[in-house]
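Heads up, the thing below is written out as structure tokens.
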There are 2 protein chains.
Amino acid sequence: MSDKRTQLENAAIDSVQRSGFNNLSFRSIASDVGIKSSSVHYYFPEKSDLAAALIEKYSVDFSDKLRAIGNRNISPKSKLDAFVKLFEDAIDDEKFCLCGMMAAEVYSLNSSNRQALLDYFQFMEDWVASILEGDNVSAFGTMKPRVLARMLVSGLEGAILIDRVDGRRDRLKSQREFIRELTKA
Amino acid sequence: MSDKRTQLENAAIDSVQRSGFNNLSFRSIASDVGIKSSSVHYYFPEKSDLAAALIEKYSVDFSDKLRAIGNRNISPKSKLDAFVKLFEDAIDDEKFCLCGMMAAEVYSLNSSNRQALLDYFQFMEDWVASILEGDNVSAFGTMKPRVLARMLVSGLEGAILIDRVDGRRDRLKSQREFIRELTKA
DNA sequence: GTCTATATACAGATAGAC
DNA sequence: GTCTATCTGTATATAGAC
């Protein structure tokens, strides 16, 4: 059993991915871990402190996963497929990407937390670009890996956003088809 | 000056595109049009009634714009560029797509309103596919127009979601590059 | 149609005891 | 660290006068 702070963060991340940061309450995560809402303020004085902790933890967990995939001795296609699977897993849990969710709620975030979101998306883009710069990846016209990486990051965030509405995976599947074309050379 | 109902809908749509449906209050739109919140209930008894009206109005306005673009005597590339410009205009007003925003907030919508969101995205996808099925559009490997259309819809929703965080257009620009490749044949 | 007034619920945040 | 108690603000929604 991890410490209370970690339990609170995990409960909060789960809640934000399902129902957003605005819908997240000190009361609800307190109840999840068996304490009172006033005690949550001991760990996170204001809600913006909680936001910062959630983005940070989610980003670190996610970048760890991407690095692990990147270090595997598999093809670029397999790496990108493993990447897409992270989004499919979220859909199966009826979850959106935490940073995608908070991007929609950007009006309720301070500038520091907005920057943290941008850092998350930038890291993802850089990771995808590094994969697309490898061998066995086909160009698409004159589009550079950087541009294709942006396409994939935007495409995956948009796909999970829409697919989550009905729980299907139609748009995520189209992203997979695109990756197949890019990596069949 | 349009009637009160229309004024309320316009104020509400603007508000949702900026700060979400959960953050929308009867009080705020009442204040926007100079009446009291209890009077808003005369037009929209419950918030779900308001949601339905907003999605409906936004969808009709949007599909009118797409049909107008489709009917112009211009190239497929120009049509898709005009399509992307709709998203750029939203970014410039610090707005997200209303249906994209409400898709993120899907947990607070009833099933009827969820279906209305899906109908919106489906219409957009069908429209893009119809453009991509025309002449002067290049295939990308074995990807069919339907799949490419899904790529563009997801990609544009994700691009505006992320770009809105810092007000830039980096990801929307990448979508434009993709369209350029598709339509340069 | 619009108002005042109100019921009910829940939010973030703080004070102070233990 | 966690609690009880409370302050203040805001939300949806309704009753009933005009």
Side-chain angles (χ1 to χ4, degrees), chain A residues 1-55 57 98 101-102 104-114, chain B residues 1-55 57 98 101-102 104-114:
Chain A
M1 183 67 108
S2 49
D3 63 12
K4 276 267 150 53
R5 179 185 208 96
T6 303
Q7 290 177 54
L8 286 167
E9 287 174 349
N10 287 337
I13 287 174
D14 193 87
S15 174
V16 171
Q17 288 191 257
R18 291 178 199 278
S19 57
F21 181 68
N22 278 36
N23 200 52
L24 174 71
S25 69
F26 282 78
R27 278 169 167 76
S28 67
I29 57 172
S31 166
D32 286 341
V33 309
I35 60 177
K36 294 294 176 180
S37 72
S38 54
S39 302
V40 179
H41 287 276
Y42 168 78
Y43 298 98
F44 310 101
E46 300 185 10
K47 204 175 179 187
S48 60
D49 300 311
L50 183 55
L54 302 186
I55 298 169
K57 182 179 170 66
L98 177 128
M101 183 70 88
M102 295 181 81
E105 303 173 294
V106 64
Y107 57 95
S108 61
L109 300 180
N110 61 31
S111 64
S112 158
N113 284 328
R114 291 179 190 200
Chain B
M1 182 70 103
S2 48
D3 63 11
K4 276 271 153 48
R5 179 185 209 96
T6 303
Q7 291 178 53
L8 286 168
E9 287 174 348
N10 288 337
I13 287 174
D14 193 87
S15 173
V16 171
Q17 286 191 257
R18 291 178 199 279
S19 56
F21 181 68
N22 278 50
N23 200 52
L24 174 73
S25 70
F26 282 77
R27 276 170 168 73
S28 66
I29 57 173
S31 167
D32 286 341
V33 309
I35 59 176
K36 295 293 176 181
S37 73
S38 55
S39 302
V40 179
H41 287 276
Y42 168 79
Y43 299 98
F44 311 101
E46 300 184 10
K47 204 175 178 185
S48 60
D49 301 311
L50 182 54
L54 302 185
I55 298 169
K57 182 177 171 64
L98 178 128
M101 183 70 89
M102 295 182 81
E105 303 174 293
V106 63
Y107 57 94
S108 61
L109 301 179
N110 61 31
S111 64
S112 159
N113 284 328
R114 292 178 189 200

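Protein chains get the first letters and strands the later ones, always in sequence-line order, with residue 1 at the start of each.
- Contact of the A/L8 side chain with the A/L50 side chain is not registered, since no non-hydrogen atoms from C-beta on lie closer than 4.5 Å.
- For B/K36, taking side-chain heavy atoms from C-beta onward, the closest of the listed nucleotides D/dG1, C/dG1, C/dT4 is C/dT4.
- C/dA9 atom P lies 18 Å from atom CG of A/N23, rounded to whole Å.
- Distance, A/Y42 OH to D/dC3 P: 13 Å, rounded to whole Å.
- For the side chain to side chain contact (heavy atoms under 4.5 Å, CB included) test, residues two or more places apart in sequence or in another chain that qualify with A/R27 are A/S25, A/S37.
- Remark: the B/Y107 side chain and the B/N22 side chain contain an N/O donor-acceptor pair separated by less than 3.5 Å.
- Counting to the nearest Å, the P atom of C/dT2 and the CZ atom of B/R5 are 12 Å from each other.
- Within 4.0 Å (heavy atoms only), B/L50 reaches no atom of the nucleic acid at all.
- Both cation-pi conditions hold for B/R5 and B/F44: the charged atom is under 6.0 angstrom from the six-membered ring centre and inside a 45 degree cone around its axis.
- At a threshold of 4.5 Å between non-hydrogen side-chain atoms, the residues B/S108 and A/N23 do not count as touching.
- For the pair A/K47 and A/F21, the distance from NZ or CZ to the six-membered ring centre is under 6.0 Å and the angle to the ring normal is within 45 degrees.
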Please encode protein proximity along nucleotides 13-18 of chain C as a string of B, S and -, counting only heavy-atom distances under 4.0 Å.
BB----
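- At whole-Å resolution of the value, CD in B/Q7 and C1' in C/dT2 are 14 Å apart.
- The CD1 atom of A/I29 sits 13 Å away from the C1' atom of C/dA11 (whole-angstrom rounding).
- Side chain of B/S39, nearest nucleotide from C/dT2, D/dG1, D/dT4: C/dT2.
- Side-chain nitrogen and oxygen atoms of A/S25 include at least one within less than 4.0 Å of the OP1 or OP2 phosphate oxygen of C/dA11.
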